Amino acid sequence: MPETVTTPLHAPAPSILSELRRLAIVPALNEERTVPLVIGELRSFDAGLDIVVVDDGSTDRTADVAAALGVYVLRLPFNLGIGGAVQTGFRFAHERDYDIVVRVDGDGQHDPSQLGLILEPVLVGRADIVVGSRFAAEEGGYRSSRSRRVGIRILAAVVSRVVGQRVTDTTSGFQALNRQGIALFAGDYPHDYPEVEATVMVFRHRLRLVEVPVTMRERGGGSSSITALRSIYYMVKVLLAIFVGLFRRNVLPHEDAQ
C-alpha cells in the first residue's frame with residue numbers, strides 16, 4: 001500500500017544523484033521575471049541537473065530569457081494549458097531516457113532548496129512519485145486564499161476516499177518521479193486542471209505515491225490558471241472528471257511503464 005509521509009526527511013546524498021540522469025521540468029506562462037530566479041535556484045541545488053523550460057505560448061520573453069541561460073526550451077505554438085505543457089516536459093524526459101524528474105513551476109512558488117525532501121523517497125526506492133504538500137507542513141510559508149484552501153481540502157477528501165489513502169494536497173505540482181512515473185505521465189496526462197486527476201491515475205496504475213511536507217512562497221510572476229470566478233467551475237469540473245475517470249480505460253497499462 002502506498003504511504004503518506006508527514007515528517008521532514010533529510011536531503012539525498014549528492015553521490016546518489018550524481019549516478020542518475022536527472023531533469024527539472026519547469027512549465028511557464030508569461031514568467032520572464034521569475035524563470036531566471038527558478039533556474040538559478042535549481043542550479044544551486046544541483047549543478048548537474050538538466051533543466052527544460054516548457055513555454056506554454058507566452059506572449060512575453062519567457063522562452064528567450066530561458067534560452068539565454070543555457071537550458072533546454074520547448075516553445076509551444078499556442079497555449080495548451082498546464083496539463084499539455086507538463087506532459088510535453090514528461091515526453092521530453094521519457095524520450096531522452098532520464099532516470100529522475102522533478103517538476104518545479106516557473107512562477108517561483110516552489111522552493112528548489114526543498115527538493116532534497118521530495119527526492120529522497122524516490123531515491124531510496126520507497127516511492128514512484130513524491131508530492132510536496134502545503135498541508136502536511138506544520139509551519140508557515142505562503143498560503144493561498146481561505147476559499148481556495150477550503151476547495152483544496154474538499155478535493156483532497158474526495159480523492160482520499162476514492163484511492164483509499166490519505167492525501168492532503170491534490171493540486172500541488174511540486175513533484176519528483178522515477179522512470180515508472182515519467183513513463184506514465186509521458187503516455188497519458190490530464191489536461192485543464194490535471195493534478196487532481198493525475199493523483200487518481202497514479203493509484204489506478206498501482207504506482208506508489210508519497211507526500212512530504214513543504215512550504216511554498218507567493219508567486220513571483222505570471223498569473224494563476226485558477227481565478228476566483230472560475231473556482232466553482234473548477235470544483236464541479238474536477239469532481240466530475242474524477243467520477244468519469246473511475247470508469248475510464250487505462251491509456252497506458254502499468255506493466256508498460258516498467
Side-chain angles (χ1 to χ4, degrees), residues 11-12 14 17-119 122 130 132 141-142 172-177 179 181-182 185-186 189 191 194-195 214-227:
L17 278 177
S18 65
E19 297 170 359
L20 302 172
R21 299 193 68 235
R22 51 211 187 273
L23 175 74
I25 297 173
V26 183
L29 174 63
N30 295 328
E31 284 154 351
E32 63 179 2
R33 291 194 302 111
T34 54
V35 159
L37 303 176
V38 172
I39 292 172
E41 289 181 324
L42 286 168
R43 286 173 167 165
S44 294
F45 171 75
D46 178 5
L49 180 69
D50 289 341
I51 301 170
V52 58
V53 172
V54 184
D55 177 25
D56 190 20
S58 296
T59 57
D60 66 1
R61 298 182 61 253
T62 294
D64 293 335
V65 168
L69 293 172
V71 303
Y72 295 110
V73 177
L74 303 179
R75 304 177 191 231
L76 302 182
F78 49 84
N79 180 249
L80 292 182
I82 185 63
V86 170
Q87 186 177 20
T88 299
F90 281 121
R91 293 191 67 169
F92 179 90
H94 185 58
E95 291 169 0
R96 286 157 180 77
D97 202 33
Y98 280 94
D99 299 304
I100 294 286
V101 158
V102 296
R103 176 185 159 193
V104 178
D105 287 349
D107 59 12
Q109 279 192 306
H110 301 156
D111 181 359
S113 70
Q114 299 182 70
L115 281 173
L117 305 176
I118 296 175
L119 280 163
V122 171
V130 180
Y142 168 69
S172 173
F174 199 14
Q175 302 170 348
L177 305 90
R179 284 179 174 272
I182 295 167
F185 287 162
Y189 197 75
H191 291 188
E195 287 85 5
V214 298
T215 56
M216 294 191 188
R217 305 176 291 204
E218 188 171 2
R219 67 184 304 127
S223 58
S224 174
S225 61
I226 307 172
T227 64

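We count residues from 1, following the sequence as given. On a predicted model such as this, the values are computed, not experimentally measured, just so you know.
Here the side chain of Q87 pairs a donor or acceptor atom with the backbone of A186 at under 3.5 angstrom. At least one donor-acceptor pair under 3.5 Å links the side chain of E32 to the backbone N or O of R61. No side-chain donor-acceptor contact under 3.5 Å links Q114 to the backbone of P112. The backbone N or O of G57 lies less than 3.5 Å from no partner atom in the side chain of N79, so there is not a single donor-acceptor pair. The backbone N or O of T59 lies less than 3.5 Å from a partner atom in the side chain of N30, making a donor-acceptor pair.
Rounding to the nearest 0.5 Å gives a distance of 9.5 Å between CD of Q109 and OG of S172. Remark: L49 CG to L17 CG distance equals 8.5 Å, nearest 0.5 Å. Rounding to the nearest 0.5 Å gives a distance of 7.0 Å between CG of L76 and CG of D55. Within the model, atoms CD1 of I51 and CG of L23 stand 8.5 Å from one another, a figure rounded to the nearest 0.5 Å. Taking OG1 from T62 and CD from E31, the interatomic distance works out to 6.5 Å, rounded to the nearest 0.5 Å.
Shown are V35, L29, V53; of these, the side-chain contact (heavy atoms from CB on, under 4.5 Å) with S58 is made only by L29.
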Using the side chain to side chain contact (heavy atoms under 4.5 Å, CB included) rule, take L115 and L42 through it: C-alpha gap first, then chi angles, then the decisive distance, then the call.
CA-CA 9 Å; L115 281 173; L42 286 168; 3.7 Å; yes
Apply the test side chain to side chain contact (heavy atoms under 4.5 Å, CB included) to residues V102 and F174: give CA-CA distance (whole Å), side-chain angles for both, the deciding distance (0.1 Å), then the verdict.
CA-CA 8 Å; V102 296; F174 199 14; over 6 Å; no
Evaluate salt bridge (Lys or Arg N to Asp or Glu O under 4.0 Å) for D99 paired with R179, printing each intermediate quantity in order.
CA-CA 5 Å; D99 299 304; R179 284 179 174 272; 2.7 Å; yes
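Residue A93 comes nearest to V101 through the heavy atom pair CB-CG2, 3.5 Å, listed as atom of the first residue, atom of the second, then distance. Here the closest heavy-atom approach between residue G81 and residue D56 is recorded as N-OD2, 3.0 Å. Shortest non-hydrogen contact noted between T88 and G84 is OG1-O, 2.8 Å. Between L177 and F185, the closest heavy-atom pair is CD2-CD1, 3.5 Å. Between A66 and V73, the closest heavy-atom pair is CB-CG2, 3.8 Å. Taking every heavy atom of both residues into account, T34 and G106 meet most closely at OG1-O, 2.6 Å.
Using a 30° and 60° split on the angle between ring planes, Y189 and F90 fall in the tilted class, from 30° to 60°.
With a 4.5 Å cut-off on side-chain heavy atoms, V104 and F45 do not count as touching. Side-chain atoms of D97 and R21, non-hydrogen and from C-beta on, do get closer than 4.5 Å to each other. V54 places none of its side-chain heavy atoms less than 4.5 Å from the side chain of F92. Using a 4.5 Å cut-off on side-chain heavy atoms (C-beta onward), V26 and I39 make no contact. Looking at heavy atoms from C-beta onward, I82 lies in side-chain contact with P27 at the 4.5 angstrom threshold. R43 is listed as a side-chain neighbour of L69, based on a closest heavy-atom distance under 4.5 Å. Counting heavy atoms from C-beta outward, H110 and M216 have side chains that approach closer than 4.5 Å.
Salt bridge absent: D107 and R217 never bring a charged side-chain N and a carboxylate O closer than 4.0 Å.
The 12-atom threshold is not exceeded at CZ of R91, counting heavy atoms of other residues, nucleotides or ligands nearer than 6.0 Å.
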